[in-house]
> 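What follows is a structure written as C-alpha cells; I'll ask about it next.
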Amino acid sequence: MTAYLNHLQSSDDLVTTYEATRAGFVALALEKNRRATPYVAEARALQAAANQVRNPADLLNVQGIEMGLLTAAGLSDKSLAHLTAEDKIDAINGLIKNFLEPAGANFVEELVFRFLLTRGDTLGGSMRNVGGALAQRKLTRAILSTLTIAGQSYHWQHSKTKKWIAMTNDDAEIELSLRGLSWESDLGRRTLIYNLNIPLVKSNVDLCLFNLAPEALPANKSSKIEPVEVEPYTIALGELKGGIDPAGADEHWKTAQAALSRIRQAFADAGHSPLTFFVGAAIERRMAGEIWEQLQSGMLSNAANLNEENQVASISRWLCSL
C-alpha cells in the first residue's frame, strides 16, 4: 500500500484545524517567553548595577555594565564587531546626554526600558525562525520515539559541535540541539541531516535521508557536500514548514513546492530519483488539494500535517523504514 494512505484518506485530512492553529500560536507565545527569559534577567542585573549611582554620568564608572549600556544605546551584538572603542564610548555618551539625563530621577527606568527595546528587536529576529525550529523538534522527537520503541540504537549529531553522540538511556531534550540522526536498518546504514546545502540542487534542503554512515558525509565539518558523493546514496529529500499562521500558509507551500521541483529536476538530470515529501503546520484547503493530487500522481511520495500526531508518527515510521 502507498505509504501516505497509512495516515491520509483524503485531502481533508491534511487541512489544519482551527484548534491546531490556536494551539500553534500558543506554542509560539510560550517559546517567545522562554527565549525572553535571559533578556529579562539581564535587564534586572543592569537595573541593580545602575541603582548604585546617583546620576547618569556616573554609569561610566560602574564596572561590568558596558555591554548593557551599549545595548541600551541601541547597538546590536552584531554591530559591536564593527565599532572601535571610541565609537562605543561615543554611543554611551549619546545615550546619557540625549535620553538618560533628560529622564531626571527616572534615568534608571529609562535605561532599562531602552535596553529591553533593543533586546526585543533581537528576540523578534530570532522568532522569525522559531516556527521551523519547533517543527524540527517535533518531527525529531517522533523519529527518536520510532527508533526507540523498535529497539533501534542511534547516534545523533550536535548542531553546534557537529560531533556524533551515541544514544543513551536519557535522551530528554536532545532535539533542542540535534542536527542529524544515524541508525542501522535492515537495509543498511541510514543518516538523516537537517538543513543541508546540496550543491546539485544549489539550495538548502530541509530534510535529507542518505544510505550512508555519518563519517561518509563531509557534512561533519561543513554544511555542504559534493553532489558526486550523494547522488547514488540519496534516499529521500523533504521540505518542513513550521509556520502556523494561515495567512502565510500559501506562501510556505509555494516555496516548498518550488524547492521540491528543483530537487526532482536536479536529480533527474543526474539520473537519480529520490523520494520527496512535505510536512507542514499550516495547510489550507486549497493547498491540501494540491498536495493530495501530487501524492496520487506519485510526484510526492508522502506528506503530513505537523499538528496531527498520528500523521507525524506515520511519516516518521516511513522514514525509518526506507
Side-chain angles (χ1 to χ4, degrees), residues 1-35 124 126-146 149 173 175-176 178 192 194-195 206-207 236-261 275-321:
M1 184 174 70
T2 307
Y4 68 87
L5 292 176
N6 286 324
H7 57 272
L8 300 175
Q9 301 305 313
S10 71
S11 62
D12 291 340
D13 295 331
L14 284 165
V15 178
T16 301
T17 64
Y18 166 76
E19 291 77 15
T21 299
R22 182 179 60 190
F25 277 121
V26 171
L28 287 175
L30 291 172
E31 178 66 12
K32 189 171 186 177
N33 272 291
R34 186 186 74 81
R35 295 188 178 204
S126 70
M127 287 299 294
R128 280 192 283 273
N129 298 320
V130 75
L134 292 177
Q136 182 173 314
R137 291 178 201 169
K138 186 169 186 176
L139 183 59
T140 297
R141 178 45 57 186
I143 296 172
L144 289 170
S145 299
T146 298
I149 64 172
E173 297 190 340
E175 63 268 28
L176 297 178
L178 182 149
L192 177 72
Y194 287 103
N195 303 315
D206 292 342
L207 285 148
L237 298 168
E239 285 291 302
L240 176 64
K241 299 301 177 186
I244 193 63
D245 191 345
D250 190 57
E251 196 60 37
H252 285 314
W253 168 236
K254 286 180 180 177
T255 302
Q257 190 172 204
L260 292 169
S261 295
L275 304 175
T276 56
F277 61 99
F278 173 75
V279 180
I283 301 180
E284 297 296 286
R285 192 161 297 280
R286 187 177 67 80
M287 288 170 53
E290 293 180 6
I291 294 169
W292 183 252
E293 288 177 4
Q294 292 189 18
L295 287 169
Q296 290 189 307
S297 69
M299 184 181 296
L300 267 179
S301 304
N302 214 332
N305 188 308
L306 190 66
N307 304 292
E308 299 297 328
E309 300 293 343
N310 67 314
Q311 294 185 30
V312 176
S314 179
I315 204 167
S316 297
R317 288 194 300 271
W318 173 71
L319 282 169
C320 293
S321 70

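The analysis underlying the following values was restricted to heavy atoms, covering all of them including side chains, and did not include hydrogens, waters or symmetry mates.
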> For residues 132-139, dump all side-chain donor-acceptor pairs below 3.5 Å to protein atoms at least two apart in sequence or in another chain.
from: Gln136; atom 1: OE1; to: Asn195; atom 2: ND2; distance (Å): 3.3
from: Gln136; atom 1: NE2; to: Leu178; atom 2: O; distance (Å): 3.1
from: Arg137; atom 1: NH2; to: Glu31; atom 2: OE2; distance (Å): 3.4
from: Lys138; atom 1: NZ; to: Leu306; atom 2: O; distance (Å): 2.9

> Would you check if Leu28 and Ile244 make a side-chain contact, meaning some heavy-atom pair closer than 4.5 Å?
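They are in side-chain contact.
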
> Got a sec, which residues hit side chain to side chain donor-acceptor pair (under 3.5 Å) with Asn307, two or more places apart in sequence or on another chain?
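Asn307 satisfies side chain to side chain donor-acceptor pair (under 3.5 Å) with Asn305 only.
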
> With sequence neighbours left out, write down each residue that passes side-chain contact (heavy atoms from CB on, under 4.5 Å) with Thr255, or none if nothing qualifies.
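Scan of Thr255 (side-chain contact (heavy atoms from CB on, under 4.5 Å), adjacent residues dropped) gives Lys241, Glu251.
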
> Excluding sequence neighbours, so at least two apart, what forms side-chain contact (heavy atoms from CB on, under 4.5 Å) with Ala288?
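Ala288: side-chain contact (heavy atoms from CB on, under 4.5 Å) contacts with Ser11, Leu14, Val15, Ile283.
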
> Indicate the atoms forming the closest heavy-atom contact of Val312 with Ala142, along with that distance.
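Closest pair (atom of Val312, atom of Ala142, distance): CG1-CB, 3.5 Å.
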
> Can you name the salt bridge (Lys or Arg N to Asp or Glu O under 4.0 Å) partners of Glu284, sequence neighbours left out?
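Salt bridge (Lys or Arg N to Asp or Glu O under 4.0 Å) check on Glu284 returns nothing, list empty.
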
> Sequence neighbours left out, what pairs pass ring-ring contact (aromatic ring centres under 6.0 Å, His included) with at least one residue falling in residues 237-261?
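Applying ring-ring contact (aromatic ring centres under 6.0 Å, His included) to every pair that reaches into residues 237-261, excluding sequence neighbours, yields Trp253-Phe278.
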
> For residues 311-321, which residue pairs pass the side chain to side chain donor-acceptor pair (under 3.5 Å) check, not counting sequence neighbours?
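For residues 311-321, and leaving out neighbouring residues, the side chain to side chain donor-acceptor pair (under 3.5 Å) pairs sorted by first residue read His7-Ser314.
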
> Apply side chain to side chain donor-acceptor pair (under 3.5 Å) to Asp206 and list each qualifying residue two or more places apart in sequence or on a separate chain.
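With neighbours one apart ignored, the set is empty.
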
> Working to the nearest 0.5 Å, report the span between CD1 of Ile315 and CG of Asn6.
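Between atom CD1 of Ile315 and atom CG of Asn6 there are 11.0 Å.
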
> Which heavy atom in Ala281 sits nearest to a heavy atom in Thr16, and how many Å separate them?
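Minimum heavy-atom separation between Ala281 and Thr16: O-OG1, 2.7 Å.
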
> In Å and rounded to the nearest 0.5 Å, what is the CG to CG distance from Leu8 to Asp13?
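So the CG of Leu8 and the CG of Asp13 are separated by 5.5 Å.
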
> Name all residues meeting the side-chain contact (heavy atoms from CB on, under 4.5 Å) criterion together with Gln296; count only those two or more places apart in sequence or in a different chain, and write none if there are none.
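side-chain contact (heavy atoms from CB on, under 4.5 Å) check on Gln296 returns Tyr4, Trp292.
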
> Is Cys320 close to Ile143 at the side-chain level, that is, under 4.5 Å between some pair of heavy atoms?
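They are in side-chain contact.
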
> With sequence neighbours excluded, what pairs up with Arg286 under the salt bridge (Lys or Arg N to Asp or Glu O under 4.0 Å) test?
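Checked Arg286 against salt bridge (Lys or Arg N to Asp or Glu O under 4.0 Å); matches are Asp250, Glu290.
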
> In the structure I gave you, are the side-chain heavy atoms of Gln257 and Gln294 within less than 4.5 Å of one another anywhere?
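Heavy-atom side-chain distance check passes, below 4.5 Å.
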
> Measure the shortest side-chain to side-chain distance between Phe277 and Val279 over non-hydrogen atoms and say whether it is less than 4.5 angstrom.
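Of all side-chain heavy-atom pairs linking Val279 with Phe277, at least one is under 4.5 Å.
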
> Can you list everything that forms a salt bridge (Lys or Arg N to Asp or Glu O under 4.0 Å) with Glu308? Sequence neighbours excluded, please.
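Glu308: no salt bridge (Lys or Arg N to Asp or Glu O under 4.0 Å) contacts found.
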
> Minimum heavy-atom separation for Gly243 to Ala282, with atom names?
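Minimum heavy-atom separation between Gly243 and Ala282: O-CB, 3.2 Å.
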
> Glu19: what forms a side-chain contact (heavy atoms from CB on, under 4.5 Å) with it, not counting sequence neighbours?
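Partners of Glu19 under the side-chain contact (heavy atoms from CB on, under 4.5 Å) test: Thr17, Arg22.
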
